[in-house]
Amino acid sequence: MEYFCYHRDRLGSLALREELQQEHWSYMDRYAKELIARGPTFADDGETPTGSVHIVDLSAPCDARAFAFDEPTYQAGVYRDVLLRRWRNAIGRTMWDAPGDRGGGSRYLVLGLGQGPAADLAPPPDQDELIAYGPLLSDDGGTWLGTAVLLGAPDPDTARAVLTADRYADIEVHDWEPGGRR
């Protein structure tokens, strides 16, 4: 089962985040084979971290909760909240297998918080810059709750346009970059 996990930083926690970076990476190294995508999000300045995205394939919901809440920076209080949802890998690959320009350009997390009937279940055609794409689902996998996308795009508005705007209660766009030691 695949899970989307987004830890959002608590204001004023940057020093603690930096202090625990090696512990965070060591923890994530334990999940290297299960990770589909990972990396930090940033404020508009492009430098101040605002959160941490991890998409991971684990065998059970309890494993996903342990992954999200046993993480050292979560335990230490770096994060204000965690979005943890079942997710379905609609493009069937990891971020390390994604085509496109991985050496430059802007990358984004687009997070559509759903309302009403399911939308955008399949990725749009001809999207070479998609890194990860899939629906956010209820714990039992039966109800669509939104869509999470990682992609390269020239600007936030272009990134936002990957989702059907009127089908979501809110669409968030965050600067994102691939993370980890791979």
Original post:
Same hydrophobic cluster for F42 and L150, using side-chain heavy-atom links shorter than 4.5 Å among ILVMFWY?
Top reply: no

**OP:** Please tell me if the side chains of M1 and W87 come closer than 4.5 Å, counting only heavy atoms from C-beta onward.
**Re:** no

Original post:
Do side-chain atoms of T41 reach the backbone of G51 as a donor and acceptor pair under 3.5 angstrom?
Top reply: yes

Original post:
Y6 and H174: aromatic ring centres closer than 6.0 Å?
Top reply: yes

**OP:** Please step through side-chain hydrogen bond (donor to acceptor under 3.5 Å, both in side chains) for the pair Y108 and T158, ending with a clear verdict.
**Re:** CA-CA 10 Å; Y108 300 95; T158 303; over 6 Å; no

**OP:** Give the ring-plane orientation class for Y79 versus H7, where under 30° counts as parallel, over 60° as perpendicular and anything between as tilted.
**Re:** tilted

**OP:** Could you check if a side-chain atom of E177 sits within less than 4.5 angstrom of a side-chain atom of P40, using non-hydrogen atoms only?
**Re:** yes

Original post:
Just wondering, do M28 and S52 contact through their side chains at under 4.5 Å, heavy atoms?
Top reply: no

Original post:
Please walk me through it: do C5 and V82 pass side-chain contact (heavy atoms from CB on, under 4.5 Å)?
Top reply: CA-CA 7 Å; C5 181; V82 178; 4.0 Å; yes

**OP:** Answer yes or no: does atom CG of D97 have more than 12 heavy-atom neighbours from other residues, nucleotides or ligands under 6.0 Å?
**Re:** yes

Original post:
Are V149 and V56 grouped together when hydrophobic residues (ILVMFWY) are joined by side-chain heavy atoms under 4.5 angstrom apart?
Top reply: no

**OP:** Indicate yes or no for a side-chain donor-acceptor contact from T94 to the backbone of W96 under 3.5 Å, with no hydrogens or angles considered.
**Re:** yes

Subject >> Backbone of I171 reached by a side-chain donor or acceptor of R160 within 3.5 Å >> reply: yes

Original post:
Tell me, do L113 and E172 make a side-chain contact under 4.5 Å, heavy atoms counted?
Top reply: yes

**OP:** Only counting residues at least two apart or in another chain, list the ones meeting salt bridge (charged side-chain N to carboxylate O under 4.0 Å, His left out) with R85.
**Re:** D139

**OP:** Would you tell me whether Y133 and T147 have side-chain atoms, one donor and one acceptor, within less than 3.5 Å of each other?
**Re:** no

Original post:
Using the benzene-type ring in the case of Trp, are the ring centres of W144 and Y168 under 6.0 Å apart?
Top reply: yes

Original post:
Should F4 and M95 be counted in the same cluster of Ile, Leu, Val, Met, Phe, Trp and Tyr side chains packed under 4.5 Å apart?
Top reply: yes

**OP:** State yes or no: do Y31 and I36 share one hydrophobic cluster built from I, L, V, M, F, W and Y residues joined by side-chain heavy-atom distances below 4.5 Å, directly or via other members?
**Re:** yes

Subject >> Euclidean distance, E19 CD relative to S13 OG, rounded to 0.5 Å >> reply: 11.5 Å

Original post:
Pairs in or reaching into residues 52-72: which pass salt bridge (Lys or Arg N to Asp or Glu O under 4.0 Å), with residues at least two apart or in two chains?
Top reply: none

Subject >> Heavy-atom closest contact (A148 atom, L111 atom, distance) >> reply: CB-CD1, 4.0 Å

Subject >> Verdict with supporting geometry, L35 and H54, side-chain contact (heavy atoms from CB on, under 4.5 Å) >> reply: CA-CA 7 Å; L35 283 166; H54 296 90; 4.2 Å; yes

**OP:** Quick one: closest heavy-atom pair of L84 and A64, and the distance?
**Re:** CD2-O, 3.7 Å

Original post:
Is there a side-chain contact between L130 and P124, using heavy atoms and a 4.5 Å cut-off?
Top reply: yes

**OP:** Might you work through the side-chain hydrogen bond (donor to acceptor under 3.5 Å, both in side chains) test for H24 and Q22, ending with a clear yes or no?
**Re:** CA-CA 5 Å; H24 167 77; Q22 289 301 319; over 6 Å; no

**OP:** Using a 4.5 Å cut-off on heavy atoms from C-beta on, say whether the side chain of S106 contacts that of D155.
**Re:** no

Original post:
Just by distance, do the side chain of R38 and the backbone of P178 share a donor-acceptor pair under 3.5 Å?
Top reply: no

**OP:** Supply the atom-to-atom distance L14 CG to T48 OG1, rounded to the nearest 0.5 angstrom.
**Re:** 6.5 Å

Subject >> Interatomic distance, I55 atom CD1 to N89 atom CG [nearest 0.5 angstrom] >> reply: 7.5 Å

Original post:
Can you name the closest pair of heavy atoms from I131 and G152 and give their distance?
Top reply: CD1-N, 4.1 Å

Subject >> Aromatic centroids of Y3 and F67 separated by under 6.0 Å >> reply: no

Subject >> Audit row: R17, D9, salt bridge (Lys or Arg N to Asp or Glu O under 4.0 Å) steps and yes/no >> reply: CA-CA 9 Å; R17 178 193 250 270; D9 285 20; 2.8 Å; yes

**OP:** Look at the side-chain heavy atoms of Ile, Leu, Val, Met, Phe, Trp and Tyr, link any pair under 4.5 Å apart, and say whether L83 and V173 land in one connected group.
**Re:** no

Subject >> Note, L136 side chain near R86 side chain (heavy atom, < 4.5 Å) >> reply: no

Original post:
For the residue pair T50 and A43, what are the closest heavy atoms and their distance?
Top reply: CG2-N, 3.3 Å

Original post:
Do D120 and P135 touch side chain to side chain, with heavy atoms closer than 4.5 Å?
Top reply: no

Subject >> CZ on R10 to CG on L16, rounded to 0.5 Å >> reply: 7.0 Å

